[in-house]
Amino acid sequence: MQKNKNNFFEQVYEVVRKIPEGKVMTYGQIAEKVGTKDARKVGWALHANPDGSDVPCHRVVNKNGRLAPGYAFGGPDEQKNRLITEGIPFSTKDKVDLKRCSYEI
DNA sequence: CTCTTGACCATGT
DNA sequence: AACATGGCCAAGA
């Protein structure tokens with residue numbers, strides 16, 4: 001067993017990994033779930049996260065339903081495309097319909 | 001240890 | 001709606 005020096009990462013990854021298909025989670029929500037109030041840490045954790053692994057970062061959006069333009073893995077188009085492919089409803093062209101896909105804890 | 005940056009959030013103008 | 005500021009917290013240089 002390894003020492004969870006990055007327990008925060010582990011928790012974030014775990015939560016994000018558990019997001020079902022067709023649902024998205026906000027940074028603030030994940031932040032609370034991992035026991036913090038700072039959504040920034042969540043965003044930082046995902047950025048420091050080994051993308052392409054088991055963490056579907058594209059299912060993680062901010063509170064405004066906004067994605068991460070320019071800082072995502074391949075661009076907002078890619079993320080949007082993925083979300084649509086996963087079956088995520090969109091409220092607008094660049095925003096996710098949190099009313100329909102908010103995954104509650 | 002100090003300073004800067006950051007995939008956020010809330011409020012004010 | 002867009003821009004600016006403050007807050008919180010952790011990592012990188």
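Letters A, B, ... are given to chains in the order of the sequence lines, protein chains preceding strands, and every chain is numbered from 1. Treat the numbers as computed from the prediction; the structure is a model and nothing was measured.
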### Query
Run the side-chain contact (heavy atoms from CB on, under 4.5 Å) check on A/Asn64 and A/Lys95 step by step: do they pass?
CA-CA 8 Å; A/Asn64 212 11; A/Lys95 291 194 184 152; 4.2 Å; yes
What is the separation between atom [atom1] on [X] and atom [atom2] on [N], rounded to the nearest whole Å?
{"X": "A/Arg40", "N": "C/dG6", "atom1": "CZ", "atom2": "P", "result": "13 Å"}
{"X": "A/Trp44", "N": "C/dA10", "atom1": "CH2", "atom2": "P", "result": "8 Å"}
{"X": "A/Lys93", "N": "C/dA1", "atom1": "NZ", "atom2": "C1'", "result": "16 Å"}
{"X": "A/Tyr27", "N": "C/dC9", "atom1": "OH", "atom2": "C1'", "result": "16 Å"}
{"X": "A/Lys41", "N": "C/dG7", "atom1": "NZ", "atom2": "P", "result": "18 Å"}
{"X": "A/Asp38", "N": "C/dG6", "atom1": "CG", "atom2": "P", "result": "17 Å"}

Derivation and outcome, side-chain contact (heavy atoms from CB on, under 4.5 Å), residues A/Arg66 and A/Val61: CA-CA 6 Å; A/Arg66 196 80 142 91; A/Val61 295; over 6 Å; no
Could you tell me whether A/Asn62 contacts a base, only the sugar-phosphate backbone, or nothing, with contacts defined as non-hydrogen atoms closer than 4.0 Å?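 Sugar-phosphate, no base atom in range.
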A/Asp54 vs A/Tyr13, side-chain contact (heavy atoms from CB on, under 4.5 Å): CA-CA, chis, key distance, verdict: CA-CA 8 Å; A/Asp54 324 278; A/Tyr13 300 154; over 6 Å; no
Item to complete: Check whether any side-chain N or O of A/Glu86 sits under 3.5 Å from a backbone N or O of A/Arg82 as a donor-acceptor pair, and report yes or no.
Response: no
Q.
Would you say the ring centers of A/Trp44 and A/Tyr27 fall short of 6.0 Å from each other?
A.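 No - the distance between ring centres of A/Trp44 and A/Tyr27 does not fall below the 6.0 Å cut-off.
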Going 5' to 3' on DNA chain B, which nucleotide is the first and which the last to come under 4.0 Å of a heavy atom in chain A?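 With heavy atoms of chain A under 4.0 Å away, the range is B/dG6 to B/dA10.
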Check: Should the heavy atoms of other residues, nucleotides or ligands under 6.0 Å from CZ of A/Arg100 be counted, would the total exceed 12?
Finding: no
